[in-house]
Protein chains: 2
Amino acid sequence: MDTSPEGPDDLIVAVEQMIRYVRQSARTGGLSTAASSTPARLSREGPQRLTELARAEGVSQPNMTQLVTRLERAGLARRTADASDGRGVLVAVTSTGVEVLDRRRAERARALRQLMEDMTGPERQATTTALPAPARVIHHRQDTSEEDRA
Amino acid sequence: MDTSPEGPDDLIVAVEQMIRYVRQSARTGGLSTAASSTPARLSREGPQRLTELARAEGVSQPNMTQLVTRLERAGLARRTADASDGRGVLVAVTSTGVEVLDRRRAERARALRQLMEDMTGPERQATTTALPAPARVIHHRQDTSEEDRA
DNA sequence: TATTGTTATACTCTATAACTATA
DNA sequence: TATAGTTATAGAGTATAACAATA
């Protein structure tokens, strides 16, 4: 029943190695994946409610509370009161946060570019073509399950 | 000097999404990446010294001490004294550990297979071809830097 | 009563520094 | 003195449960 000759095991190993590599490269910028994903979203989509953020990032509300506290301490994000709802807070990225994001993005891009320079032409070609595919499928899958929950 | 039309940013996003997906799927088995990588290595290569393990996994010695302690508590690994060196310990995977690894491997394979079923034929083809390429380059890069250190 | 956010608690994963025991 | 391993300490990142404030 195997669709691919090598079986999925090789792919899993490949993905795990890529995970390690990217995580290490990401750490160079001083931010973990969790710590950078939220500022990135805030910079993309503007200030948001804490609950909304937690849901969007797929983490628990207490987790997001802590994460935002850490981001605030690092000067990357800011809490402001929500004028329309006394219970809520709005979380926004700071200008420092945006700068750090840009720097980090550049570093990761450099790491990935260097990785691809070490590939053969066909490998590079195939990678460029293939990599967005799993992402697309995952994205679609997540959207669908969110609709299920709603 | 961009080699690819889309630029590396799209690839980074793709990789990050894959990381999240695989991490979530891996968690299903009850073991994090760190907690499963070491038993996997032990099952592949046999019992090893703690220091050796730490170096191979790229973590600090205290980290490995803790990790092995957790694995022992979970019944997945075992410490034995090294007869030839009173200071050392040998870490081995248990039969339970091997079973859990197998189960986990199957679960991940299923997740990945399902992911690939949602792809178009060409996407699937390209993914199978491309995914091992970054892994190969990363692997080579790690080997080289280890030689540098030695 | 339901929702928003925080606090309390606990566990994994990670690191560095200090320590113990053996070589 | 150098090496192997553990303990101490600290911080990120994650979760659930309990709580306070507001709607």
Side-chain angles (χ1 to χ4, degrees), chain A residues 16 19-20 22-39 47-92 100 104, chain B residues 16 19-20 22-41 47-92 100 104:
Chain A
E16 286 200 334
I19 289 172
R20 292 195 156 205
V22 173
R23 277 213 285 184
Q24 274 188 331
S25 307
R27 204 170 291 266
T28 308
L31 284 178
S32 70
T33 306
S36 78
S37 177
T38 298
Q48 282 182 53
R49 298 288 293 266
L50 200 140
T51 301
E52 206 175 346
L53 265 182
R55 196 166 37 74
E57 293 286 322
V59 301
S60 68
Q61 211 172 54
N63 189 350
M64 188 49 73
T65 292
Q66 260 202 34
L67 177 55
V68 169
T69 302
R70 280 197 299 271
L71 290 174
E72 240 180 352
R73 206 186 322 156
L76 306 181
R78 201 179 339 107
R79 275 182 175 91
T80 45
D82 186 344
S84 65
D85 187 339
R87 301 167 300 180
V89 297
L90 283 174
V91 185
V100 171
R104 176 186 143 94
Chain B
E16 286 201 334
I19 288 171
R20 292 195 155 204
V22 172
R23 277 213 285 184
Q24 274 188 332
S25 308
R27 204 168 290 267
T28 309
L31 284 178
S32 71
T33 306
S36 78
S37 178
T38 297
R41 166 168 260 114
Q48 282 182 51
R49 298 290 292 266
L50 201 140
T51 302
E52 206 176 346
L53 265 182
R55 198 166 37 74
E57 294 285 321
V59 301
S60 68
Q61 210 173 55
N63 188 350
M64 188 50 73
T65 293
Q66 259 201 36
L67 178 54
V68 169
T69 302
R70 280 197 299 271
L71 290 173
E72 240 180 353
R73 205 188 323 158
L76 306 181
R78 203 178 338 106
R79 276 183 175 91
T80 46
D82 185 345
S84 65
D85 187 339
R87 301 167 301 179
V89 297
L90 282 174
V91 186
V100 171
R104 177 186 143 94

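All chains are named by letter (A, B, ...) in the order of the sequence lines, taking the proteins before the strands, and each is independently numbered beginning at 1.
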Separation of atom CG in B:Leu53 from atom P in C:dT14, rounded to whole Å = 14 Å
So do the side chains of B:Leu90 and B:Gln48 get within less than 4.5 Å of each other, counting heavy atoms only?
->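 No. Closest side-chain heavy atoms not under 4.5 Å.
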Please give, in whole Å, the distance from D:dA21 P to A:Leu50 CG?
->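 About 18 Å, once rounded to whole Å.
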pair B:Glu72-B:Val91: side-chain heavy atoms closer than 4.5 Å = no
Identify whether any heavy atom of A:Thr65 sits under 4.0 Å from a base atom; if not, whether one sits that close to sugar-phosphate; answer base, sugar-phosphate or nothing.
->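 If one applies the 4.0 Å heavy-atom cut-off, A:Thr65 turns out to touch a base.
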Nearest heavy atoms of B:Ala35 and B:Leu71, plus distance in Å =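 Where B:Ala35 meets B:Leu71 most closely, the heavy atoms are O-CD2, 3.4 Å.
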Give every pair of a protein N or O atom and an N or O atom of nucleotides 16-23 of chain C that lie under 3.5 Å apart, one pair per line with the distance.
| from | atom 1 | to | atom 2 | distance (Å) |
| --- | --- | --- | --- | --- |
| C:dA23 | OP1 | B:Gly86 | N | 2.9 |

Just wondering, do B:Val59 and B:Leu67 contact through their side chains at under 4.5 Å, heavy atoms?
-> no
State, with a plain yes or no, whether a side-chain heavy atom of B:Asn63 is found less than 4.5 Å away from one of B:Glu57.
-> no
Least distance between heavy atoms, B:Met64 atom then B:Ala54 atom | CB-CB, 3.8 Å
Close residues, residues 69-78 of chain B, relative to DNA chain C [heavy-atom separation under 4.0 Å] |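 The stretch gives B:Arg70, B:Arg73 as the residues lying under 4.0 Å from the strand, ordered by number.
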Between the side-chain atoms of B:Gln66 and the base atoms of C:dT14, is any donor-acceptor pair under 3.5 Å?
->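 Side chain to base: pair present.
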Can you check the A:Arg49 CZ to C:dG5 P distance for me, whole Å?
->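 Those two atoms, CZ and P, are 4 Å apart.
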Euclidean distance, atom CG of residue A:Leu67 to atom P of D:dA15 [Å, nearest integer] |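 Value for this atom pair: 11 Å.
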Rounded to the nearest 0.5 Å, how far apart are CZ of B:Arg41 and CG of B:Leu53?
-> 7.5 Å
Can you tell if the side chain of A:Thr80 reaches within under 4.5 Å of the side chain of A:Pro47, non-hydrogen atoms only?
-> no
Atom pair distance, as rounded to whole Å: CG in A:Asp82 and P in C:dT6 = 13 Å
Please state whether the phosphate of C:dT3, meaning OP1 or OP2, lies under 4.0 angstrom from any side-chain nitrogen or oxygen of A:Arg55.
-> no
Taking all non-hydrogen atoms of both residues, which atom of A:Leu50 and which atom of A:Arg79 are closest, and how far apart?
-> CD1-NH2, 4.2 Å
Please report, rounded to the nearest Å, how far the P atom of C:dT6 is from the CE atom of A:Met64.
->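 So the two atoms are 11 Å apart, to the nearest Å.
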